[in-house]
Structure formats: C-alpha cells, structure tokens
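All chains are named by letter (A, B, ...) in the order of the sequence lines, taking the proteins before the strands, and each is independently numbered beginning at 1.
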Amino acid sequence: MKAPASDPGRDAIVQRIRAMVDSIPPGRVATYGQVAREAGLPRRARLVGRTLAELPADSRLPWFRVINARGTISPRGGGERRQRNLLRAEGVEVDARGRVDLRRFGWAPRW
DNA sequence: TATATGACGACGA
DNA sequence: ATCGTCGCCATAT
C-alpha cells in the first residue's frame with residue numbers, strides 16, 4: 001500500500017480543491033495560492049492550476065473565478081477571453097489587460 | 001534516477 | 001508598476 005492513513009491521497013486532494021473553488025461566491029475571485037491554502041495545501045498553487053486544467057469543458061465548477069496572485073488572468077492558449085467574459089457577466093470588473101482589482105473583488109474566506 | 005515543464009508566487013532591479 | 005529570475009511541487013519523458 002502506497003498511501004499511509006495520514007496521507008489524504010490524490011483523489012481526496014482534488015476533491016478538496018474542487019470544493020474550495022465551488023465555494024467562491026459569484027462576483028468574487030480567489031487566487032490559486034489562496035485556494036490551495038484554504039484547502040489546507042500550502043505552497044500547492046500550481047497543483048490547483050493543474051487540477052483546474054483537468055476539468056472537462058462542461059464542468060459546472062466556477063474555475064473562471066480563480067486567477068493568479070497578480071490579479072490577472074493566467075495566459076493559456078485562447079481561453080483567456082472567455083474567462084474575462086464570464087467574470088464580467090457576474091459583475092467582476094476586468095480591464096482590457098485582463099486585470100482584476102483584488103481589493104474589491106477578492107474573496108475573503110470569512111464571507 | 002535525472003531533466004523539463006507548467007491555469008503559480010515572492011522578490012529584486 | 002512592470003519584467004525577469006528563482007523557488008516550489010507534481011507529472012511526464
């Protein structure tokens with residue numbers, strides 16, 4: 001057996017990340033690092049990005065509410081524009097450079 | 001086992 | 001405030 005009882009396991013970790021992302025309210029955004037941290041996975045920001053990248057196109061998860069620590073939409077081939085539209089559709093202001101003011105739209109866990 | 005890569009983050013110039 | 005580097009972690013080769 002590879003995984004000790006104390007080891008959450010890859011699937012469990014993915015579940016936790018999904019749950020966190022799903023808890024981000026409409027009109028708010030969170031950073032990859034923040035999601036990782038709140039999910040009890042400090043320093044795993046990239047894992048969050050990797051997990052979201054695995055999501056099926058028809059996933060119900062609000063993946064578009066997750067942006068990087070600089071407040072910008074992480075550039076990956078082509079999907080950037082769509083994410084911008086989705087965010088604007090729920091009231092998040094995104095400037096032409098794909099930037100969001102985290103002080104105004106950033107999500108604090110206490111919400 | 002070693003190396004490269006990536007939806008990231010912190011720092012310094 | 002912006003850009004370049006380096007650090008971190010998990011996967012893929």
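Considering only side-chain atoms of A:R99, the nucleotide from C:dA10, B:dG9, C:dA1 that sits closest is C:dA1. Looking at the side chain of A:R46, the nearest of the listed nucleotides B:dA7, B:dC8, B:dG9 is B:dC8.
For CZ of A:R82, the number of neighbouring non-hydrogen atoms (other residues, nucleotides, ligands) closer than 6.0 Å is 12 at most.
Electrostatic pairing of A:D101 and A:R103 counts as a salt bridge here, judged by a charged N lying under 4.0 Å from a carboxylate O. Classification of A:R28 and A:E90 as a salt-bridged pair fails, no side-chain N sitting under 4.0 Å from a carboxylate O.
OP1 or OP2 of B:dC8 lies within a sub-4.0 Å distance of a side-chain N or O belonging to A:S74. In this model, the phosphate group of C:dT2 is approached by a side-chain N or O of A:R97 to a distance below 4.0 Å at OP1 or OP2. Phosphate proximity of C:dT11 to A:R10: present, with a side-chain N or O under 4.0 Å from OP1 or OP2.
Between the CG atom of A:L87 and the P atom of B:dA7 there is a distance of 18 Å, given to the nearest Å. Nucleotide C:dA1 holds its C1' atom 10 Å from the CZ atom of A:R70, rounded to whole Å. Following rounding to the nearest Å, A:F64 (CZ) and B:dA7 (C1') show an atom-to-atom distance of 15 Å. Atom pair A:I17:CD1 and B:dC8:C1' shows a separation of 13 Å (rounding to whole Å applied). In this structure, CG of A:N68 is placed 13 Å from P of C:dT2, rounded to the nearest angstrom. Rounded to a whole Å, the CG atom of A:L52 is 17 Å from the P atom of B:dG6. Atom CZ in A:R50 sits about 17 Å away from atom C1' in B:dG9, given to the nearest Å. Remark: P of B:dA10 and CZ of A:R44 are 15 Å apart, rounded to the nearest angstrom.
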Working note: A:E93 + A:R88, criterion salt bridge (charged side-chain N to carboxylate O under 4.0 Å, His left out); need CA distance, chi angles, decisive distance, verdict. CA-CA 6 Å; A:E93 292 177 24; A:R88 281 177 168 168; over 6 Å; no
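Among the heavy atoms of the strands lying under 4.0 Å from A:A53 is at least one base atom, whether or not backbone atoms are also near.
No side-chain N or O of A:Q15 forms a donor-acceptor pair with one of A:R10 less than 3.5 Å apart.
Look at C:dT2: its Watson-Crick or wobble partner, with both distances under 3.5 angstrom, is B:dA13.
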